[in-house]
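Read the structure below first, then the notes.
Per chain, numbering begins at 1; letters A, B, ... match sequence-line order.
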Amino acid sequence: MDYNFAEIEAKWQAYWNKNKTFKAENKSDKPKYYILDMFPYPSGAGLHVGHPLGYIASDIYSRYMRLKGYNVLHPMGYDSFGLPAEQYAIQTGQHPAITTETNIKRYREQLDKIGFSFDWDREVRTSDPSYYKWTQWIFKQLFNSWYNKKSDKAEKIETLITEFERVGNSEVDAVCEETPAFTAEDWEGYDEKRQQEILLNYRLAYLSDVMVNWCPGLGTVLANEEVINGVSERGGYPVERKLMRQWSMRITAYAERLLQGLDKIDWSDALKEMQRNWIGKSRGAEVDFYLKDLPPTPSQGGGVGQHSDTSETQEKSTTPSYHTSSPEKYKLLIDKALEMRQNPTEGEKLMWELLRRDASGYHFRRQHVIDRFIADFVCLSKQLIIEVDGDIHDLQKEEDEGRTHELIKWGYTVLRFRNEEVTYNPSDVLSKIRKALSSLPDVKDNNTQGTPSPLSSGEGSGERSIKVFTTRPDTIFGVTFMVLAPEHELVEKITTPDRIDEVMTYAEEAKNRSERERMTEVKRVSGAFTGAYVTHPFTGEDIPIWVSDYVLAGYGTGAIMAVPSGDQRDWNFANHFGIDIIPVIDGSDIEKEANETKEGILINSDFLNGLQVPDAIKLAIEKIEGKGIGIGKTNYRLRDAIFSRQRYWGEPFPVYYKDGVPYMLEDSELPVTLPEVDKYLPTETGEPPLARAENWTTKEGYQPDYNTMPGWAGSSWYYLRYMDANNEGEFVSKEAVDYWGQVDLYFGGAEHATGHLLYVRFWTMFFKDMGYVNFDEPAKKLINQGMIQGVSSFTYRINGTKKYVSASLKNEFETTPVRVDISFVEGDELDIKKFKNWGPDYKDAEFELDNGKMFVTHEVEKMSKSKYNVVNPDEIIEQYGTDTLRMYEMFLGPLEQAKPWDTKGIEGVYRFLRKFWKLYTSKEAFDVSNDEPTKAELKVLHKTIKKIKDDIERMSFNTGVSAFMICVNELADLNCNKRAILEPLCVLISPFAPHIAEELWQQLGYTESISYAEFPEFKEEYLVEDSFSYPISFNGKTRFNMEIPLNIDKAEVEKLVIEAEQVKKYLEGKAPKKVIVVPNRIVNIVV
RNA sequence: GCGGGCGUGGCGAAAUUGGUAGACGCGCUAGACUUAGGAUCUAGUGCCGUGAGGCGUGGGGGUUCGAGUCCCUCCGCCCGCACCA
């Protein structure tokens, strides 16, 4: 009886479909297991043999887990919003929904042919309104949330509003944009618009003006990970920097949790490392370097209470703000302030009593944080600061003066009393305070009007200092210059008039140079001197300030303290421009290069001298903090994720604008469906395609958002939707998500390491904070299947002619390689006829053959239509059947490894399956005997059971297939056709080759699908032997084998071996030095 | 440059804990059956050598009775990040 795979496979695929064999229920007596594949984007090209690799592996595992008695959830769907359908729409005018529908249909047909055990009743499509309704709903939840650093989780925006109404934002510790300080009274006084603008600074989904990767070629903004080497990932168009008002996701709020969470999940080290790098945590310090030779500030002259007549821009930059966007720093200060509040000095205690009891009607705060200082007592409405100094302040006189100076600059009045004054002369102190209060103007109104918008608040450090971030504060004595990024806002302000032309020209050039150019010019050293200096905080030396493009505006503060002896880039710069290099680590040879190691003892570094680097870092931070010029800080490379795309084929935002401020629609108004447009291109005025829709709006009378969401929106939560795919009332029900929980096993490509796999973790953590799920990682275990590559073929054309030469002769001519479709190639030989028929360009081709043959060369590349190296699974299935395809893909090599597709080897697997079939059949019919199996047959079976179980569990499917081959070879040798062997074997192979297994199972007399049979139990007893063939080795070299009983001890084995004839031959009469016996393994004789 | 991974026959690869290197498959060689074979079956197949034997897991060194596996060092390839202070 022949193995008719075509008939068998069609039969069982129809059966599974009709009987919904793989339908999963949301409750069961069995334990649950959730196996997920990354869902595909349904492209027009269909599946190639590389796509199903991961699906086959996950399907084997799913089927295995069903046999092991689990309730398995194994769904599939489509990530069906995306660029290609839209690009196609631009070219042809066909609606992306139609293209997508067609492609999905084709995908489904191809998937069905491979025989996957998906529960198709749970299919999701991100582009379906019933799905993206909930993507929009999730966006709303993010909009209506903020990140509270105190509770270290996201909270509803209402809790923030309550806090604002209670005390303003001074005590709020949030991850947010820089926002000027306001009190509860201020908040109450703000109008709706102002309040909404402030809230926008805190929301997890927020609108702001950001520098984006603008891709004119695609007409849209791209995320960082969609930009590869300065060009777009899709299409390879150039990308430029542009300031645009965009939605962003505050993923940075989760930076630390995303980092820490990696330790809890079983993902590959390579992938975790990629995420760690992407998050890019670095510890160090943020330090202020004060500018030298500042012109005197007007406010200093008059002493008390004068406000400078500075212009609006200056006002902006001199307004002190609470650095709530530097949460660590702020938190540290707040903690310190709290501690000080709890441990007041005598004087402070008395002063607080005075101020609290005083009937002047002014509200004072104690130990209040202002910018980077903690003021003892502050009256905000009068901007009056009262400081009480103990004796220690005599030692810090200089520092106190610097601090007072700065506070005055910001418009504060500082009154300073000594401890004794307060203790012995309280009434005198009080009257001084009253006098000051009455002479000061009320600044409340000034405050609300003076700062135009909370969005435009400047850096708190104003013009007086330049803030830098460094991971090596210990090297501060090696600082010989400072560098600003060309985009740094202070460049223009600080540059001296004689240099302004040069510097601004340089900065403009650097800014306009594309990302790509900047990248390819990595090695080029360039820069310009501003003519300005900062003063070194410890040595007091003048430090020149330069501008250079090797400092990035987007990281840290956009400015660095340059330590040429400790940083190679600084060293290059210093050498190029002839700047001093001071070694600060003992033993550094700074002649040739910088010493970037974090080892050694500090020299030339005042109080740090003699310390090891780690200790020096600690002490340096302490000193910097003590001086009030900086603070220990952790920086992350991770940026907030831009969430707007200027495209048509994506989720519309559930948003409308009132007075320029975004508002969310009601849940009942969702989904906002995509409107029809005449063309899928931007409008003439450069607005996104949605702006073309006639009279389209999300809310009557208001402007909608014309952007759509990025591709990762829908894919960041689809794993939850599968749990409850048809729920119309919720994105997922609590019961469903509590039942299925985390994905137990997730299969997908490593190319999503810093995209999808980061975002899905981010959203999951957010859902956890909101209480929607009770886990904070989406997937416990992740397997990255390797890519199956294509083997491209090339022929060679003689330049300037239509003549092609055999690859063996290509060096004899001036030739250009030409890709040829691999279907024209058999082995190394080109089929000339097929090649000529390829198209008009090749019709008249001439050939220079080598011995009558036209050879080609091969190259392993990504499998892609454009490289003419695609192998379609349909063709393979047509020829060999899908059970062969499935097993062959697994047999190709380790799952996680990239490997080229090579169709040659498939014959071996096909032969194996036919051999397998033959075990169960005779020439004419199905033929299985009910005789008792022999010991040898049972041994083969149980050896295989053990091996297959182990191999599946450690995802070693290639060795699993080989174990089946060995098993079948051995059973064939034994002429075994016993039911007792073949029945369990059939179950064993069913995850790999389900169709043939189902057919044989039925022939064996079963009426139920094999999918829910029981995985055979391994019994050790069948493998037990009473002797073992020991390899006998001399000095580690194996010479021969010796059958030795297993029930004797080591000494007896040794005796048996030494006395053996063959051993004597090798000993040549000498006595062995030592004999090592490893039971059940080896005997080694040392001669 | 930094981080991760890898390097084993003609090819894809095995060797799970330091214990017989090359399982299994492709390819190749010879043979059988045969009108024929690109079907099937049998035998062989790491390299050198007629043989005994020797050599062999990128190179060099080390630890060990014993190393593909552990350590040091160098070389090569792949992937990711890339002026991240």
_Within the 4.0 Å heavy-atom criterion, would you say A/Val1086 contacts the bases, only the backbone, or no part of the nucleic acid?_
sugar-phosphate
*Using 30° and 60° as the class limits, which term best fits the ring planes of A/Phe912 and A/Phe964: parallel, tilted or perpendicular?*
tilted
*Contact class for A/Arg911 vs. all strands (heavy atom < 4.0 Å): base, sugar-phosphate, or nothing?*
sugar-phosphate
*is_close_aromatic(A/Phe481, A/Phe573), centroid dist under 6.0 Å*: yes
*Charged N to carboxylate O under 4.0 angstrom, A/Asp263 versus A/Arg276?*
yes
*Check the chi torsion on B/rG44 and let me know: syn if it falls within 90° of 0, anti if not.*
anti
*Which whole-number value in Å describes the distance from A/Asp973 CG to B/rC41 C1'?*
12 Å
_Heavy-atom protein contacts under 4.0 Å, nucleotides 4-15 of chain B, coded B base, S sugar-phosphate only, - none_ = S-------BSSS
*Is A/Lys281 salt-bridged to A/Glu256, going by a charged N under 4.0 Å from an acidic O?*
yes
*What's the CH2-P distance between A/Trp267 and B/rG80, to the nearest Å?*
18 Å
*asked:* Once hydrogens and angles are ignored, does a donor-acceptor distance under 3.5 Å link the base of B/rC81 to the side chain of A/Asn277?
replied: no
*Do A/Asn1080 and A/Tyr1030 have side-chain atoms, one donor and one acceptor, less than 3.5 Å apart?*
no
